[in-house]
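Structure first, then comments.
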Number of protein chains: 2
Amino acid sequence: MSSQHAHSHDHDHGGESWDAHATVALARKGTRRSSARDTVVAALAGQECCASAQEIHSRLRSDGSTIGIASVYRTLELLHGMGLVTRIDTGDGVARFEPTHPDGAHHHHLVCTTCGAVEAFQDDALEEAIHRVADRVDFRVDAHDVALRGACRACR
Amino acid sequence: MSSQHAHSHDHDHGGESWDAHATVALARKGTRRSSARDTVVAALAGQECCASAQEIHSRLRSDGSTIGIASVYRTLELLHGMGLVTRIDTGDGVARFEPTHPDGAHHHHLVCTTCGAVEAFQDDALEEAIHRVADRVDFRVDAHDVALRGACRACR
DNA sequence: CGCGGTAATGATAACCATTATCAAGTAAAC
DNA sequence: GTTTACTTGATAATGGTTATCATTACCGCG
């Protein structure tokens, strides 16, 4: 489905890995250590782009974990509340999640309305334009997301 | 809930009204005339910003209509498939809809993550940036949407 | 004008992602 | 080791959306 090349154990985007960043943040928050949470954090760290809770759950189960779906949702909600994961709605009624990189780097998504594939893109001019809008409106903007919908190369 | 000021019967944004535009498009498509569809089209034409299917349904029922919820969903899906309405996902698991204006003018949304309020904004530089991205990627982009999330004036 | 074919309707059941519940398990403090 | 209360996983409940289906109503045709 998604074009994961290698399931790298961590992506070092220059600075510290998200995995370490998240672990530290959780410890600082005072949460108790638990294998379910560790498992979800590891799964997120090893994913190239966004994934749904159910996708994460079934991937973990097929890797031998006995984690329950509720724990996946709980962990994602916790991490999302801490700003460690970004939630993406592609419009198909399923929420998708991906790690928020500590250096602020992020991307947006191209969604194929035919096959449902999701690809990522990154664009500085777009970010710039969004920040200008955020400054201008009477609203405290904490996050933003952009989705471009259409047909991917294969479906076109 | 949302801050609708005036429920104008139609918005003439310079050119023809969306109402007329939609009616013509439906006739051209060869759909049979029906009161349920007319009712939903009228409801959409008279709304300032986006509304959920359930909101539209209960508004119509309280106005005396006997329309069923299924017909609201069906009509919205039909109009969406024809490009006459835009679907917006604010991230709360509820799809919202608003008319797509024939002149191409459109806006994006500010979503308050505290109270759920949705406001609209419009920005030419942002549109420009998005079009440039659309030209650059290996993807046929048909539509786009942007959501800025945070806290509205009241919740801040 | 009435008839027939069939699109459209509205009530309701089914679906499915997500959330809440709760008894059992377990990490950390003492 | 014991206690405390945070976590867990199974499962029930929730709620938006979609599918089903018998009935209704639009519209071309005779």
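What's counted below: heavy atoms across the whole structure, side chains too, no hydrogens, waters or symmetry copies. From a predicted model like this one, the values you see are computed outputs, not experimental measurements. Labels below follow one simple rule: chain letters A, B, ... track the order of the sequence lines, proteins then strands, and each chain is numbered from 1.
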Exercise. Write down the distance between CD1 (A:I56) and P (C:dT18), rounded to a whole number of angstrom.
Key: 11 Å
Quiz item: Can a side chain N or O of A:R37 be found less than 4.0 Å away from OP1 or OP2 on D:dT7?
Solution: yes
Quiz item: With a 3.5 Å cut-off and just heavy-atom distances, do the side chain of B:R32 and the base of D:dG28 make a donor-acceptor pair?
Solution: no
Quiz prompt | Nearest to side-chain heavy atoms of A:I67, which nucleotide of D:dG9, D:dG16, C:dT18 | solution = D:dG9
Practice problem: Would you mind listing every salt bridge (charged side-chain N to carboxylate O under 4.0 Å, His left out) that reaches into residues 23-35 of chain A, with sequence neighbours excluded? | Solution: A:R33-A:D38
Self-check item: Rounded distance (Å) that lies between atom C1' of C:dA17 and atom CD of A:E55
Solution: 13 Å
Practice problem: Identify whether any heavy atom of B:T31 sits under 4.0 Å from a base atom; if not, whether one sits that close to sugar-phosphate; answer base, sugar-phosphate or nothing. | Solution: sugar-phosphate
Quiz prompt | Listed nucleotide nearest any side-chain atom of A:Q54, set C:dG10, C:dT18, D:dG16 | solution = C:dT18
Self-check item: Atom-to-atom span, CD1 of A:I88 to P of C:dA17 - whole angstrom
Solution: 18 Å
Quiz prompt | Whole-Å distance separating the CG atom of B:L78 from the P atom of D:dA19 | solution = 14 Å
Quiz item: Between atom CZ in B:R74 and atom C1' in C:dA7, what is the gap in whole Å?
Solution: 10 Å
Self-check item: B:C155 side, atom SG; A:R140 side, atom CZ - distance, nearest 0.5 Å
Solution: 9.5 Å
Quiz item: Are A:R59 and A:E55 ion-paired here, with the side-chain N under 4.0 Å from a carboxylate O?
Solution: no
Practice problem: Mark yes when over 12 heavy atoms from residues, nucleotides or ligands other than A:E127 sit less than 6.0 Å from its CD; otherwise mark no. | Solution: yes
Self-check item: Distance in angstrom units between A:D92 CG and C:dA17 P, rounded
Solution: 9 Å
Exercise. Using whole Å, report how far CZ of B:R87 lies from C1' of D:dT18.
Key: 12 Å
Quiz item: At under 4.0 Å between heavy atoms, what does B:E77 touch on the DNA or RNA strands: base, sugar-phosphate, or nothing?
Solution: nothing
Quiz item: When we call it a touch if two heavy atoms are under 4.0 Å apart, what does B:A36 touch: a base, just sugar-phosphate, or nothing?
Solution: sugar-phosphate
Quiz item: Which nucleotide in the set C:dA27, C:dT18, C:dA8 lies at the smallest distance from any side-chain heavy atom of A:R33?
Solution: C:dA27
Quiz item: With a 4.0 Å cut-off on heavy atoms, is B:S52 in touch with a base, just the backbone sugar-phosphate, or nothing at all?
Solution: nothing
Quiz prompt | Shared-cluster residues of B:I69, by chain and number - hydrophobic side chains joined below 4.5 Å | solution = B:Y73
Self-check item: Length of the CG-P vector between A:L26 and D:dC6, whole Å
Solution: 16 Å
Quiz item: Of the nucleotides D:dT7, D:dT17, D:dT11, which has the atom closest to the A:I69 side chain?
Solution: D:dT11
Self-check item: Presence of A:R61 side-chain N/O under 4.0 Å of D:dA10 phosphate oxygens OP1/OP2
Solution: yes
Exercise. Would you indicate, yes or no, if C:dT18 has its OP1 or OP2 atom less than 4.0 angstrom from a side-chain nitrogen or oxygen of A:Y73?
Key: yes
